Amino acid sequence: MIKQNFELHTAMISELLSLIVHVGDISSLKLDPGDDSYLLMDTIVNKLPLIIESTGQLRGLGSGIAAKKKLTPEEKIQLIILTGMVQSAINDVSGHRNEFVSPYLNELLQPYILDHFTATKLLLEILKNDIIDAKTIHIQSGEFYRISTNAIDSGFKLYDVESPRLNSLLVERIHELSKKKQYVIGFALIVILFIFYLFSAFYESIIRTVFLLKKASLQFSRGDLSTRIDLQIQDELQHVGHAFNTMVDAFSDMMEERRRYEEKIEYHAYYDALTGLPNRILFNDRLKIALSDAHGSGKLLAVIFLDLDRFKVFNDTLGHETGDLLLKAVTERLTESLRQGDTISRMGGDEFLFLLPEIGGISQARIVAEKVINQLKMPFKINSHELFISASLGISMYPYDGDEIGILVKNADIAMYAAKNQGRNNYRFYNREMNIKAEKTLQMENSLRRALEREEFLLYYQPRFDLVSEKITGVEALIRWKHPDIGFVPPADFIPLAEEMGLIIPIGEWVLRTACIQHKAWLTKMTSPVSLSVNISAFQFQDSDFLDTVKRVLEEVSIEPHLLELELTESVVMNNGEMTIVKLKQLKELGIKISIDDFGTGFSSLNYLKHFPIDSLKIDRSFIKDIPMAPKDTAITKTIIALGRRLHLRVIAEGVETKEQLAFLSSRRCNEVQGYLISRPLPPDEVFGLLEGNRVTKEKLVVSGG
């Protein structure tokens, strides 16, 4: 009966706290509070009720433990969660000291805040040292009850002092808003009257001008090129008449423009439209002539392949317009690095080719390469951005590295990739070992092409633990490649290669189908269903057949759509927003859930959370690994969890590895966690062993985690 009463009391307090928070939210929205009223409301509505209630639970639970001198694992979990919640809230309350705009409030409230902070910190230290971490509990029940009561009383005192001040501030704010409302209504009436006056004044002039334009347009459409409009007005419509006259004049210049256009087409056949540099066709013509001259004279020539480092980051982040301006600025500097008679050509994108004919030797090619690198060291000022960019260069020499156009360019390209792999912002001369490495990459590509048909891919599954139900409620499918010769290949090595080769679409379909089949097999043996999440790459999602593929897999496997969750990165959903919204809505119509993976690490806008049909957010492991010790990561994690709760989205934390991280996430009401503290990615049979009896519990995680 005591346990039932305690549970009913806890549930009642939880509902009361939710009501208080809701009332506080509504009040803050309606009253638009100032800094002081915001701080007081945050303390009274959000923090103090939580601290006092949690402290009361700690008093009851701790007094009982001190009386019986014994701490059970369940009680330890409750104490850790409650102390985490109190610690976080009391730190926020203490942080309000000296933040009030009013000196009077600072002077009035600081002693009460300090007393409450001191009393509560003393209680938390006694809990940690004498009960939670103590091997033997020595503290007396009465002493612990007294210390807890003191902390609670100090909270009520602070509450009693702050409540009247908050009421006064809110009354003042309401009065101010009422006056503003009157000003706004008066201003709106003035604007409406002014607009009506403008409409009446210009209506007749506009109608008359429209009829003149209509008449002139009909004459022009019948072939009368002498048609002109003479508008005797002095407003913007006069510009419309001038524009019409200009259009008629321009029509007579059409043939001349056509001739210039034909010249431009001929120009673009040999030159790059953006930079004005020779294109590949003209470069190959000049290289062919240079090779013929070098063969006859016995002189050397060099071909340099240049690729800008991280250019795609600038292009995707700042936009193609900024990227084009950056390419033009780079072209100017590269041109300054050339000798008389050298050629620089743009191959497309951020790739350039240099031709250095009649070069004295390797040392001269080295000088040009170093000059190019030095030219790019200074920052580029594009619009309002200061950009730093570097380049990787590969150099091939005639006749040492080839005597044909294709071979020289290919070997320079291979050398460029060697420079990029060596750390970028440098240059490399071609050698045969590079070709061997390129062949190994080609072999890896060939192996990857056959890996699917040879059934070399495997799926591992990592469980997701629900902090409310304290059960495994889902698994994430993760692909593994077991190469027959070299063993397991890390996904970071073969996934980018598969995307570059265009194999990610069939591989992604295999992952989706295989994971669904395995999930279906598990469900036939389980009483409680679990969800399945599958990662979707940008190439898969953008594929025109993606939606049909998902439908086909659902029909073939007969899996419940609501148990399937597709994980997309921020960059995927932000690319081509209109198309993405349509495709996501179509997936939602099928009953599938959508999750944003690695949330917070992209360069996108939070605006998509409002428009896109999303079900959950996954906090990236980079924010989780250092909490709760890292203040910035802790603040970001709190914000994401609060954002998800406000938007009614589930929040999943990835990379949870310690009990401290688990306690923090539980105290902030994160929905689910995933990481090595729960389980590593496991083969299907081992995962089913966990799912079958739901053998992972929060008690085991807290007792054995870390």
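Computed from heavy atoms alone, side chains included, the values below leave out hydrogens, waters and symmetry copies. All of these numbers come straight from a predicted model, not from anything done at the bench.
Around the OH atom of Y417, the shell of radius 6.0 Å holds no more than 12 heavy atoms that belong to other residues, nucleotides or ligands.
L584 is listed as a side-chain neighbour of F541, based on a closest heavy-atom distance under 4.5 Å. The shortest distance between side-chain heavy atoms of E470 and F465 falls below 4.5 Å. Taking 4.5 Å as the limit, some side-chain heavy atom of L478 sits within range of a side-chain heavy atom of N535.
Put simply, the residue from I636, L665, L649 that forms a side-chain contact (heavy atoms from CB on, under 4.5 Å) with I641 is L665.
For residues 448-463, every residue pair satisfying the side-chain hydrogen bond (donor to acceptor under 3.5 Å, both in side chains) rule, not counting sequence neighbours, is listed here: E456-W481, Q462-Q674.
Not counting sequence neighbours, the partners of E567 by the salt bridge (Lys or Arg N to Asp or Glu O under 4.0 Å) test are R464, K618.
R650 and D466 are joined by a salt bridge, as a carboxylate oxygen and a charged side-chain nitrogen come within less than 4.0 angstrom of each other. The pair R513-E509 meets the salt-bridge criterion, with a side-chain N (NZ, NE, NH1 or NH2) lying under 4.0 Å from an Asp/Glu carboxylate O.
With hydrogens and angles ignored, the 3.5 Å screen pairs no side-chain donor or acceptor of K625 with any backbone N or O of G655. Side chain of S666 to backbone of L662: no donor-acceptor contact under 3.5 angstrom is found.
A donor-acceptor pair shorter than 3.5 Å cannot be found between the side chains of E74 and Q78.
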